[in-house]
Participant: 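Got a structure for you, questions after.
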Amino acid sequence: QPTVQLWYGATDDLNGLAADAARAGGTVEHIEWVNMEDDDPRYARYGRAILGPGFIPQKPCLIQWDREVRKLAERGFKAECDLVSLELFHPTAEDANAVLAALKIEARLQPGPSRLKLTLDTPNGKVVFDNPGFDA
């Protein structure tokens, strides 16, 4: 059974976002730079991190692309699904929302038991993934 495990938000300045998060009472943790020394254009170069403190899947992981591999559209890939909604629930929603707002991330968590709900519009109709979250 497919489940929603986490989601990403993209930024052009991961280090700057980390500084903004600190000023808002949050953290950007486990920053990892991948393939930054690699000159081979077949491989992506990027930085990724977790919006903390700690990891909960309702808060976005973060990514800064330095070099993307060839775009999917350039390889003939056509998306057939549209995002209808991503609903995020967590008992400490207010704390996370203050940091999200300070970082200008539009998504908001709703108070309640830990849960992620993703709804897609597909060629076969709407598909809903609704699963509990977890704290690590």
Participant: Is any side-chain heavy atom of I50 closer than 4.5 Å to one of L6?
Facilitator: no

Participant: Hydrophobic clusters here meaning ILVMFWY residues chained together by side-chain heavy-atom distances under 4.5 Å, can you tell me if W7 and V128 are in one?
Facilitator: no

Participant: As an exercise, state the distance from CD of Q64 to CG of D13, rounded to the nearest 0.5 Å.
Facilitator: 6.0 Å

Participant: What are the two closest heavy atoms between L100 and P60, and how far apart are they?
Facilitator: CD2-CD, 3.7 Å

Participant: Should the heavy atoms of other residues, nucleotides or ligands under 6.0 Å from CD of E32 be counted, would the total exceed 12?
Facilitator: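 Correct, the count exceeds 12.
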
Participant: Are D66 and W33 packed together at the side-chain level, in the sense that at least one heavy-atom pair is separated by less than 4.5 angstrom?
Facilitator: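 When only atoms from C-beta onward are counted, W33 and D66 do not touch, as no gap falls below 4.5 Å.
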
Participant: Using atom types as modelled and distance alone, determine if a side-chain donor or acceptor of D121 lies under 3.5 Å from a backbone N or O of V84.
Facilitator: no

Participant: Flag the pair F129 / L116 as yes when at least one side-chain heavy-atom distance between them is below 4.5 Å, and no otherwise.
Facilitator: no

Participant: So, taking the atom named NE2 in H30 and the one named CZ in R48, what distance separates them when rounded to the nearest 0.5 Å?
Facilitator: 12.0 Å

Participant: Is there a donor-acceptor contact under 3.5 Å from the side chain of T3 to the main chain of Q5?
Facilitator: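 Not confirmed, T3 side chain does not pair with Q5 backbone.
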
Participant: Kindly give the heavy-atom pair with the smallest separation between A44 and Y46, and that separation in Å.
Facilitator: CB-CD2, 4.0 Å

Participant: Identify the two heavy atoms, one from A24 and one from A102, that lie closest to each other, and give their separation to 0.1 Å.
Facilitator: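 For A24 and A102, the tightest heavy-atom pair comes out as CB-CB, 3.4 Å.
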
Participant: Is a side-chain donor or acceptor of S85 paired with a backbone partner of E87 at a separation under 3.5 angstrom?
Facilitator: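 No; judged by distance alone, with no hydrogens or angles, the pair does not exist.
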
Participant: Are more than 12 heavy atoms from other residues, nucleotides or ligands located less than 6.0 Å from atom CD of Q110?
Facilitator: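 It does: Q110 CD has more than 12 such atoms within range.
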
Participant: Working to the nearest 0.5 Å, report the span between CD of E106 and NZ of K104.
Facilitator: 12.0 Å

Participant: If you look at every heavy atom in P91 and P113, which pair is closest and at what distance?
Facilitator: CD-C, 4.4 Å

Participant: Shortest non-hydrogen contact from R115 to D130?
Facilitator: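 Looks like NE-OD1, 2.7 Å.
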
Participant: Can you give me the closest heavy-atom contact between A49 and I31, atom names plus distance?
Facilitator: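 Taking A49 first and I31 second, the nearest heavy atoms are CB-CG1, 3.7 Å.
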
Participant: Flag the pair L83 / L118 as yes when at least one side-chain heavy-atom distance between them is below 4.5 Å, and no otherwise.
Facilitator: yes

Participant: Kindly say whether G54 contributes a backbone atom to a donor-acceptor pair with the side chain of E29 at under 3.5 angstrom?
Facilitator: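 Checking the backbone N and O of G54 against the side chain of E29, a donor-acceptor pair under 3.5 Å is found.
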
Participant: Verify, without hydrogens or angle tests, whether Q58 (side chain) and H90 (backbone) share a donor-acceptor contact under 3.5 angstrom.
Facilitator: no

Participant: Is F89 reachable from I105 through a run of hydrophobic residues whose side-chain heavy atoms are each under 4.5 Å from the next?
Facilitator: no

Participant: If only atom types and distance count, is the side chain of N97 paired as donor or acceptor with the main-chain N or O of L109 below 3.5 Å?
Facilitator: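 The answer is yes, because a donor-acceptor pair under 3.5 Å joins these two groups.
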
Participant: How far does CG of L103 sit from CG of L17, to the nearest 0.5 angstrom?
Facilitator: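 These two atoms lie 5.0 Å from each other.
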
